Amino acid sequence: MSKSKIQKIFHDNGKKYNEVVKVLRVNLLAEKIKNNVSKTIIELCYESGFNSRTNADIQFKQVKNLTIKEYKNKLKNKAE
């Protein structure tokens, strides 16, 4: 199925393809941050489909209302 056909299906259901992909990537990154203490944030960003840490930071803030660093610190404080 072509990308344009997928985008049309999302549009017909009141969603934007790019927004859905962004939320999925951010949620994947959040899970990876939670479960992978040995890897760097940049490694996790690339594994989650982001091309840069900056882009990941911007999208993470838009979806989670937290920066990646704030999210990581929140998890750290919860564990203590």
Side-chain angles (χ1 to χ4, degrees):
M1 188 178 297
S2 70
K3 182 179 177 181
S4 61
K5 192 166 199 135
I6 293 170
Q7 288 174 327
K8 181 166 178 10
I9 291 169
F10 279 105
H11 179 72
D12 291 346
N13 289 299
K15 300 201 185 272
K16 292 184 180 178
Y17 172 81
N18 292 340
E19 191 64 30
V20 172
V21 170
K22 175 174 50 173
V23 170
L24 289 173
R25 284 183 181 158
V26 167
N27 288 336
L28 177 61
L29 177 56
E31 275 301 307
K32 286 182 176 287
I33 291 169
K34 194 186 303 184
N35 297 325
N36 293 294
V37 292
S38 62
K39 291 188 177 181
T40 65
I41 294 295
I42 192 69
E43 288 175 307
L44 299 176
C45 289
Y46 286 128
E47 287 178 11
S48 301
F50 294 102
N51 293 326
S52 71
R53 167 74 190 259
T54 304
N55 186 20
D57 279 325
I58 292 167
Q59 292 189 31
F60 201 93
K61 177 77 172 178
Q62 290 173 347
V63 173
K64 298 283 189 187
N65 293 320
L66 295 168
T67 64
I68 293 172
K69 187 175 184 175
E70 290 169 340
Y71 179 76
K72 194 171 178 180
N73 288 339
K74 187 177 175 182
L75 290 174
K76 184 179 174 184
N77 292 337
K78 235 184 228 186
E80 292 175 348

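What you are looking at is a predicted structure, and each value in this text was computed from that prediction instead of being measured.
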> Would you say Val21 and Leu24 are hydrophobically clustered, going by side-chain heavy atoms of ILVMFWY under 4.5 Å?
Replying inline: yes
> What residues form a ring pair (Phe, Tyr, Trp, His ring centres under 6.0 Å) with Tyr17, not counting sequence neighbours?
Replying inline: Phe10
>> So, using side chain to side chain donor-acceptor pair (under 3.5 Å) as the criterion, who are the partners of Asn35 when residues are at least two apart?
In response: Glu31
> Rounded to the nearest 0.5 Å, how far apart are CZ of Arg25 and CD of Gln59?
Replying inline: 7.0 Å
>> Please enumerate all residues that pass side chain to side chain contact (heavy atoms under 4.5 Å, CB included) together with Ser38, with sequence neighbours excluded.
In response: none
> How long is the gap from CD1 on Ile58 to CZ on Arg53, to the nearest 0.5 Å?
Replying inline: 11.5 Å
>> Considering only residues two or more places apart or on different chains, which pairs with a residue in residues 32-54 satisfy ring pair (Phe, Tyr, Trp, His ring centres under 6.0 Å)?
In response: none
> Of all residues at least two apart in sequence or in a different chain, which pass the side chain to side chain donor-acceptor pair (under 3.5 Å) check with Glu47?
Replying inline: Lys32, Lys39
> Quick one: side chain to side chain donor-acceptor pair (under 3.5 Å) partners of Thr54, sequence neighbours excluded?
Replying inline: none
Let me check something: any side-chain donor-acceptor pairs from residues 63-72 under 3.5 Å, sequence neighbours excluded? List them with distances.
{"unit_1": "Lys64", "atom_1": "NZ", "unit_2": "Asn27", "atom_2": "OD1", "d": "3.1"}
{"unit_1": "Thr67", "atom_1": "OG1", "unit_2": "Glu70", "atom_2": "N", "d": "3.0"}
{"unit_1": "Glu70", "atom_1": "OE1", "unit_2": "Thr67", "atom_2": "N", "d": "2.8"}

> Quick one: does Met1's side chain get under 4.5 Å of Ile9's, heavy atoms only?
Replying inline: yes
> Roughly how far apart are Leu29 CG and Leu44 CG, rounded to 0.5 Å?
Replying inline: 6.5 Å
>> Please report the interatomic distance SG(Cys45) to CD1(Ile33), rounded to the nearest 0.5 Å.
In response: 6.5 Å
> Would you say Leu75 and Phe60 are hydrophobically clustered, going by side-chain heavy atoms of ILVMFWY under 4.5 Å?
Replying inline: yes
> Quick one: side chain to side chain donor-acceptor pair (under 3.5 Å) partners of Lys8, sequence neighbours excluded?
Replying inline: Asp12
